[in-house]
A.B. asks: 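Starting off with a structure, shown below.
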Amino acid sequence: MSHYPMVPGHEIVGEVVEVGSDVTKLKVGDVVGVGLVVGCCRDCNPCKTDNEQYCNKRIWTYSDVYSDGKPTQGGFAGAIVVNQKFAVKIPDGMAPQQVAPLLCAAVTVYSPLRKFGLNASGLRGGILGLGGVGHMGVKIAKAMGHHVTVISSSDKKRQEAMVDIGAHEYLISSDATKMQEAADSLDYIIDTVPVFHPLEPYLPLLKLDGKLILLGAIETPLQFLSPMILLGRKTITGSFIGSMKEMEEMLIFCKEKGVTSIIEVVKMDYINKAIERLEKNDVRYRFVVDVAGSNLDQ
């Protein structure tokens with residue numbers, strides 16, 4: 001539920017200009033990032049086990065309300081005040097505009113691969129859907145040493161998947177012959193598709209004990225036949241962004257492996273046009289808004 005007036009924007013990168021008296025982990029001048037969450041209860045099991053993104057009292061970076069009743073305002077603002085727990089220091093040498101999409105899209109993929117023990121080299125993974133999250137999935141999985149297959153509903157993204165992003169294989173879900181040939185070949189599938197789609201076509205691609213990891217927030221009930229799970233001891237699971245600890249790990253990983261996002265930088269006066277293009281799926285693969293370089297007084 002949106003709360004208006006609203007200042008949206010997550011995946012925020014900026015410079016610390018002031019710190020409170022109790023701040024110990026950051027200092028003025030540090031370049032830091034803020035993701036999708038800026039608050040939690042700190043008392044529940046998720047909070048005490050470094051899984052604060054699953055706290056039932058989590059506070060969103062924008063369009064939410066702090067415990068004192070004040071609204072949260074996102075990254076499209078000229079400045080943001082945030083508790084040090086929810087600000088991560090950006091490693092030296094990483095370009096701020098490249099880091100921004102990592103704070104949500106990249107950690108959303110990194111977290112389940114790490115959590116489910118799928119970060120060892122030599123695995124075979126599938127990425128279903130090639131958008132903002134999907135393209136980071138390909139890049140991170142490759143950096144982990146995985147053989148990566150992009151799974152799509154058509155052939156139109158083959159060039160960008162194979163050449164621009166570097167996937168090893170490209171599989172069209174409507175090609176029954178190729179799908180059959182790929183059966184029992186994947187250790188996992190990361191499903192980034194945010195709209196309803198049947199799961200049956202993809203489950204046979206998984207090996208014994210394979211995992212189908214849902215990342216898209218879908219409000220329509222999904223469907224699958226239980227024998228497709230039972231007869232391969234397969235798992236359908238989900239994951240939501242990542243913890244602050246995982247975000248720190250992910251940034252170090254991306255710096256060490258040279259993982260970057262594919263972006264288009266725009267100014268604030270282009271926002272309406274950018275939204276129109278998003279609705280047409282006309283962005284490769286993330287818009288990054290240069291707020292500091294925009295004239296916010298217009």
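Computation of the quantities below employed the complete heavy-atom set of this structure, encompassing side-chain atoms and omitting hydrogens, waters and symmetry-equivalent molecules.
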A.B. asks: Quick check on the hydrophobic clustering: are Leu215 and Leu203 connected, directly or via other members, by side-chain heavy-atom contacts under 4.5 Å?
C.D. replies: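 No, it is not one cluster - the side chains of Leu215 and Leu203 are not joined through contacts under 4.5 Å.
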A.B. asks: Salt-bridged, Arg233 to Asp209, with N to O below 4.0 Å?
C.D. replies: yes
A.B. asks: Tell me, with the steps shown, if Leu251 and Val88 meet side chain to side chain contact (heavy atoms under 4.5 Å, CB included).
C.D. replies: CA-CA 9 Å; Leu251 289 173; Val88 59; 3.9 Å; yes
A.B. asks: Any chance you could measure Asp187, atom CG, to His146, atom NE2, to the nearest 0.5 Å?
C.D. replies: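 With rounding to 0.5 Å, CG (Asp187) is 8.0 Å from NE2 (His146).
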A.B. asks: Check Ser239 against Pro112 and note the closest heavy-atom contact, atom names and distance.
C.D. replies: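 Between these two residues, the closest heavy atoms are OG-CD, 3.6 Å.
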A.B. asks: Please check: side-chain N/O of Asn51 versus main-chain N/O of Thr49, any donor-acceptor pairing under 3.5 Å?
C.D. replies: yes
A.B. asks: Of the options Arg277, Arg284, Arg286, which is the one that meets Glu264 in a side chain to side chain donor-acceptor pair (under 3.5 Å)?
C.D. replies: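 Option passing the side chain to side chain donor-acceptor pair (under 3.5 Å) with Glu264: Arg277.
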A.B. asks: How would you list, by chain and number, every residue that makes a side chain to side chain contact (heavy atoms under 4.5 Å, CB included) with Val291, sequence neighbours excluded?
C.D. replies: Met268, Val289, Leu296
A.B. asks: If hydrophobic clusters are built from ILVMFWY residues whose side chains come within less than 4.5 Å, do Ile229 and Leu225 share one?
C.D. replies: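 Same hydrophobic cluster.
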A.B. asks: Is any side-chain N of the basic residue among Glu52 and Lys57 closer than 4.0 Å to the acidic one's carboxylate O?
C.D. replies: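 Not counted as a salt bridge, because no side-chain N and carboxylate O are separated by less than 4.0 Å.
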A.B. asks: So, does Thr61 use its side chain to make a donor-acceptor pair with the main chain of Gly74 at under 3.5 Å?
C.D. replies: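 A pair under 3.5 Å: no.
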A.B. asks: Could you tell me whether Lys207 and Asp184 make a salt bridge, using a distance below 4.0 angstrom between a side-chain N and a carboxylate O?
C.D. replies: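 Between Asp184 and Lys207 there is no salt bridge, as every charged N stays at least 4.0 Å from the carboxylate O atoms.
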A.B. asks: Can you tell me how far the CG atom of Asp155 sits from the CD1 atom of Ile172, to the nearest 0.5 Å?
C.D. replies: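 Those atoms lie 4.0 Å apart.
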A.B. asks: Using 0.5 Å steps for rounding, measure from the CD atom of Glu219 to the CZ atom of Phe196.
C.D. replies: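 Atom-to-atom, Glu219:CD and Phe196:CZ are 14.0 Å apart.
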A.B. asks: Would you mind reporting whether Glu15 and Val28 have side-chain heavy atoms less than 4.5 Å apart?
C.D. replies: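 A side-chain contact under 4.5 Å is absent here.
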A.B. asks: Using the rule side-chain contact (heavy atoms from CB on, under 4.5 Å), only one of Asp30, Val82, Val31 pairs with Val16; which is it?
C.D. replies: Asp30
A.B. asks: Between Arg114 and Glu249, does at least one N-O distance fall below 4.0 Å, as a salt bridge requires?
C.D. replies: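 Between Glu249 and Arg114 there is a salt bridge, with a charged N closer than 4.0 Å to a carboxylate O.
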A.B. asks: Cluster question for you: counting only ILVMFWY and a side-chain heavy-atom cut-off of under 4.5 Å, with indirect links fine, are Tyr285 and Leu102 together?
C.D. replies: yes
A.B. asks: Keeping the roles fixed (side chain from Glu246, backbone from Ser243), state whether a donor-acceptor pair exists under 3.5 Å.
C.D. replies: yes
A.B. asks: Which atoms form the tightest heavy-atom contact between Val150 and Ala161, and what is the distance?
C.D. replies: CG2-CB, 4.0 Å
A.B. asks: Do side-chain atoms of Thr192 reach the backbone of Leu128 as a donor and acceptor pair under 3.5 angstrom?
C.D. replies: yes
A.B. asks: Report yes if the side chains of Tyr66 and Val38 come closer than 4.5 Å at any heavy-atom pair, otherwise no.
C.D. replies: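 A side-chain contact under 4.5 Å exists here.
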A.B. asks: Taking Tyr110 for the side chain and Ala105 for the main chain, is one N or O donor matched with an acceptor at less than 3.5 Å?
C.D. replies: no
A.B. asks: Could you check whether Asp191 and His197, counting side-chain N and O atoms only, form a donor-acceptor pair closer than 3.5 Å?
C.D. replies: yes
A.B. asks: Run Met136 and Val259 through side chain to side chain contact (heavy atoms under 4.5 Å, CB included) and show every step you take.
C.D. replies: CA-CA 9 Å; Met136 290 310 309; Val259 176; 3.8 Å; yes
A.B. asks: Verify the neighbour count for atom CG of Asp22: are there more than 12 heavy atoms of other residues, nucleotides or ligands below 6.0 Å?
C.D. replies: no
A.B. asks: Go through the steps to decide whether Ile241 and Val37 satisfy the test side chain to side chain contact (heavy atoms under 4.5 Å, CB included), and finish with yes or no.
C.D. replies: CA-CA 9 Å; Ile241 55 173; Val37 175; 3.8 Å; yes
A.B. asks: Evaluate the criterion side chain to side chain contact (heavy atoms under 4.5 Å, CB included) for residue pair Lys25 and Lys89; output intermediate values, then yes/no.
C.D. replies: CA-CA 9 Å; Lys25 61 179 284 190; Lys89 190 177 185 301; over 6 Å; no
A.B. asks: Please answer: with hydrophobic residues joined when any side-chain heavy atoms are less than 4.5 Å apart, are Val266 and Ile12 in the same cluster?
C.D. replies: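 Hydrophobic grouping puts Val266 apart from Ile12.
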A.B. asks: If we ignore hydrogens and angles and just use 3.5 Å, is the side chain of Lys234 paired with the main-chain N or O of Leu212 as donor and acceptor?
C.D. replies: no
A.B. asks: Nearest 0.5 Å, please: how far is CD1 in Ile189 from CD1 in Ile213?
C.D. replies: 9.5 Å
A.B. asks: Donor-acceptor check, side chain of Glu11 to backbone of Leu103, threshold 3.5 angstrom: yes or no?
C.D. replies: no
A.B. asks: Is the centre of the Phe116 ring less than 6.0 Å from the centre of the Tyr188 ring?
C.D. replies: no
A.B. asks: Could you tell me which non-hydrogen atom of Val288 sits nearest to which non-hydrogen atom of Pro101, and how far apart they are?
C.D. replies: CG2-CG, 3.9 Å
A.B. asks: State whether the side chain of Lys255 and the backbone N or O of Met94 hold a donor-acceptor pair below 3.5 Å, judged by distance alone.
C.D. replies: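 Absent.
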A.B. asks: Identify the heavy atoms of Ala167 and Lys142 that sit nearest to each other, and give their distance.
C.D. replies: N-CD, 4.5 Å
A.B. asks: Check whether Asn83 reaches the backbone of Phe86 with its side chain - one donor and one acceptor, N or O, closer than 3.5 Å.
C.D. replies: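 Answer holds: no.
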A.B. asks: Between Lys178 and Glu181, is a salt bridge (charged side-chain N to carboxylate O under 4.0 Å, His left out) present by the stated rule, with each step listed?
C.D. replies: CA-CA 5 Å; Lys178 293 296 183 182; Glu181 292 175 355; 3.8 Å; yes
A.B. asks: According to side chain to side chain donor-acceptor pair (under 3.5 Å), does anything in residues 94-106 pair up with another residue at least two apart or in another chain? List the pairs.
C.D. replies: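 Counting only pairs at least two positions apart or across chains, the side chain to side chain donor-acceptor pair (under 3.5 Å) contacts touching residues 94-106 are Gln98-Ser261.
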A.B. asks: Just how far is it from atom CD of Glu276 to atom OH of Tyr270, taken to the nearest 0.5 Å?
C.D. replies: 8.5 Å
A.B. asks: Please report the closest heavy-atom contact between Leu26 and Ala87, naming both atoms and the distance.
C.D. replies: CD1-CB, 3.8 Å
A.B. asks: Examine distances only and state if a side-chain atom of Arg58 and a backbone atom of Cys55 form a donor-acceptor pair shorter than 3.5 Å.
C.D. replies: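 Checked: pair present.
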A.B. asks: Under 4.5 Å between side-chain heavy atoms, counting indirect links through other Ile/Leu/Val/Met/Phe/Trp/Tyr residues: same cluster for Leu278 and Ile271 or not?
C.D. replies: yes
A.B. asks: So which heavy atom on Lys157 is nearest to which on Leu130, and how close?
C.D. replies: NZ-O, 2.9 Å
A.B. asks: Calculate, to the nearest 0.5 Å, the distance between atoms OG and NE2 belonging to Ser121 and His147 respectively.
C.D. replies: 14.0 Å
A.B. asks: Any donor-acceptor pair under 3.5 Å linking the side-chain atoms of Glu160 with those of His135?
C.D. replies: no
